[in-house]
Amino acid sequence: MSQIIVCKSASGIVLAGDSKSWGFQPDGKMQELKVERLLQLSQNTGILAGGTAEGINMCAALKRFIQEEGLLNVDEIYNAALPFLSSEYEKFMRKECEMPPLDPIHNIYFVLGGYTGKESDLLRLYLIWTKKKIPQLDGDEITNAYTIPRRMGLEYKLNLLCRENTSLDVISDEIRGAMEVSGTARGSWPSLCLCFNNQEGFSKNWLMKTLFLLQCL
């Protein structure tokens, strides 16, 4: 399973995920894949895909749709992304699983994070996932911290840091450490680091994890 760690504080948002996934060869055997889970959808919004590797392609299709529609902020993108990704996922599942029962290995997760454009409620995190049953996708807002698979101790610690108005640098360092521990246990796969701030926009670096940093300056 992919490792995903996301967090929203008063000072910004961090999205992080490893680059390891699984796919199927033509003969039906599973194989490890290196993927780039994180994608910039607009100037103000990023998306992180977890679960089946096909989620990366769905995000790429969503980005093209978002650009065609001229959407920018996270709320309007979420409202468009939920039905769009639901349709893409249903098409994938019809092709992949022609006969019931549907395989739980095809569970999928997306996390949207970014600016709302509203001064009173500046940042949002949304989870789009197979909450109830495959192939249905549902959406929920993430208040502060969330991990996949769930790491309740880490979520508790990140929630405390958010409530204490800890700087985003400290929060991102905590997440980096958690990702490094996960990478050591699962095998480290280098992937793309995507960072965002108001003054410099997006910048990319190759690290041992995928990291999206959205900082309020």
Colleague: If only atom types and distance count, is the side chain of Lys8 paired as donor or acceptor with the main-chain N or O of Ala145 below 3.5 Å?
Modeller: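 Pair absent, no side-chain N/O of Lys8 close to backbone of Ala145.
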Colleague: Should side-chain heavy atoms under 4.5 Å link Ile, Leu, Val, Met, Phe, Trp and Tyr, which residues sit in the same cluster as Leu160?
Modeller: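 Besides Leu160, the cluster holds Tyr156.
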Colleague: Could you state the interatomic distance from CD1 (Ile4) to OH (Tyr109), rounded to the nearest 0.5 Å?
Modeller: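 With rounding to 0.5 Å, CD1 (Ile4) is 8.5 Å from OH (Tyr109).
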Colleague: Nearest heavy-atom pair of Leu39 and Cys59: which atoms, and what distance?
Modeller: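 Closest heavy-atom pair between Leu39 and Cys59: CD2-O, 3.4 Å.
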Colleague: Rounded to the nearest 0.5 Å, how far does CG of Leu41 lie from CD1 of Ile66?
Modeller: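 Rounded to the nearest 0.5 Å, the CD1-CG separation comes out at 6.0 Å.
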Colleague: Are Leu112 and Ile128 close enough that some pair of their side-chain heavy atoms sits under 4.5 Å apart?
Modeller: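 Contact flag for Leu112/Ile128 side chains = yes.
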Colleague: Can you tell me how far the CG atom of Leu71 sits from the OG atom of Ser42, to the nearest 0.5 Å?
Modeller: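 So the CG of Leu71 and the OG of Ser42 are separated by 8.0 Å.
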Colleague: Between Ile148, Val14, Leu158, which is the residue that forms a side-chain contact (heavy atoms from CB on, under 4.5 Å) with Ile5?
Modeller: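 In the set Ile148, Val14, Leu158, the residue that makes a side-chain contact (heavy atoms from CB on, under 4.5 Å) with Ile5 is Leu158.
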Colleague: What pair of heavy atoms forms the shortest contact from Ser86 to Leu137, and how long is it?
Modeller: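 Reported closest heavy-atom pair: OG-CB, 3.5 Å.
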Colleague: Using side-chain hydrogen bond (donor to acceptor under 3.5 Å, both in side chains) as the criterion, list what pairs up with Asn159, not counting sequence neighbours.
Modeller: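 Not a single residue meets the side-chain hydrogen bond (donor to acceptor under 3.5 Å, both in side chains) criterion with Asn159.
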Colleague: For Thr147, what residues pass the side-chain hydrogen bond (donor to acceptor under 3.5 Å, both in side chains) criterion, not counting sequence neighbours?
Modeller: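 Per chain and number, Thr147 pairs via side-chain hydrogen bond (donor to acceptor under 3.5 Å, both in side chains) with Glu155.
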Colleague: Any side-chain heavy atom of Arg151 within less than 4.5 Å of one from Gln3?
Modeller: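 They are in side-chain contact.
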Colleague: Which pairs would a plain distance check flag for residues 74-85, meaning a side-chain donor or acceptor within less than 3.5 Å of a matching protein atom at least two apart in sequence or in another chain?
Modeller:
from: Asp75; atom 1: OD1; to: Arg124; atom 2: NH1; distance (Å): 3.2
from: Asp75; atom 1: OD1; to: Tyr126; atom 2: OH; distance (Å): 2.6
from: Glu76; atom 1: OE2; to: Leu72; atom 2: N; distance (Å): 2.7
from: Glu76; atom 1: OE2; to: Asn73; atom 2: N; distance (Å): 3.0
from: Asn79; atom 1: ND2; to: Asp75; atom 2: O; distance (Å): 3.3

Colleague: Can we say Asp121 and Lys118 salt-bridge, meaning some charged N sits less than 4.0 Å from an Asp/Glu carboxylate O?
Modeller: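 No, no charged N to carboxylate O under 4.0 Å.
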Colleague: With sequence neighbours excluded, tell me which residues meet side chain to side chain contact (heavy atoms under 4.5 Å, CB included) with Ser87.
Modeller: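 Expected list: Lys91.
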Colleague: Step by step, work out the side chain to side chain contact (heavy atoms under 4.5 Å, CB included) result for Tyr115 and Leu122.
Modeller: CA-CA 6 Å; Tyr115 286 118; Leu122 195 59; 3.8 Å; yes
Colleague: Run the side chain to side chain contact (heavy atoms under 4.5 Å, CB included) check on Gln136 and Lys131 step by step: do they pass?
Modeller: CA-CA 8 Å; Gln136 180 180 339; Lys131 179 180 181 179; over 6 Å; no
Colleague: Taking only residues two or more places apart in sequence or in another chain, which ones pass side-chain hydrogen bond (donor to acceptor under 3.5 Å, both in side chains) with Glu90?
Modeller: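 Only Arg94 meet the side-chain hydrogen bond (donor to acceptor under 3.5 Å, both in side chains) criterion with Glu90.
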Colleague: Could you check Val111 against Ile142 for side chain to side chain contact (heavy atoms under 4.5 Å, CB included), going step by step and ending with a plain yes or no?
Modeller: CA-CA 9 Å; Val111 179; Ile142 298 171; 4.2 Å; yes
Colleague: Report the residues that fulfil salt bridge (charged side-chain N to carboxylate O under 4.0 Å, His left out) with Asp138, sequence neighbours left out, ordered by chain and then residue number.
Modeller: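 Testing Asp138 for salt bridge (charged side-chain N to carboxylate O under 4.0 Å, His left out), a comparison that skips the adjacent residues, returns none.
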Colleague: Test side chain to side chain contact (heavy atoms under 4.5 Å, CB included) on Leu48 and Phe110 and set out the steps.
Modeller: CA-CA 6 Å; Leu48 181 62; Phe110 303 97; over 6 Å; no
Colleague: Going by side chain to side chain contact (heavy atoms under 4.5 Å, CB included), name the residues that satisfy it together with Ile56, two or more places apart in sequence or in a different chain.
Modeller: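 For Ile56, the residues satisfying side chain to side chain contact (heavy atoms under 4.5 Å, CB included) (neighbours in sequence not counted) are Val35, Arg37, Ala49.
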Colleague: Counting C-beta onward and ignoring hydrogens, is there a side-chain heavy-atom pair between Met93 and Tyr89 closer than 4.5 Å?
Modeller: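 Met93 reaches Tyr89 side chain to side chain.
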Colleague: Just verifying a value: how many Å separate Ser9 OG and Asn165 CG, rounded to the nearest 0.5 Å?
Modeller: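 Taking OG in Ser9 and CG in Asn165, the distance rounds to 8.0 Å.
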Colleague: Distance check, rounded to the nearest 0.5 Å: Lys157 atom NZ versus Ile175 atom CD1?
Modeller: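 So the gap between those two atoms works out to 11.5 Å.
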Colleague: Search all heavy atoms of Ile171 against all heavy atoms of Cys7 and return the closest pair with its distance.
Modeller: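 Shortest heavy-atom contact: CG2-SG, 3.9 Å.
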Colleague: Report the distance from atom CG of Leu161 to atom OG1 of Thr166, rounding to the nearest 0.5 Å.
Modeller: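 One finds 4.5 Å between CG of Leu161 and OG1 of Thr166.
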Colleague: Go through the structure and list residues passing side-chain hydrogen bond (donor to acceptor under 3.5 Å, both in side chains) with Arg64, not counting sequence neighbours.
Modeller: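 Applying side-chain hydrogen bond (donor to acceptor under 3.5 Å, both in side chains) to Arg64 gives none.
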Colleague: Would you say the side chains of Asn107 and Trp129 form a donor-acceptor pair under 3.5 Å?
Modeller: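 The answer is no; no qualifying pair exists.
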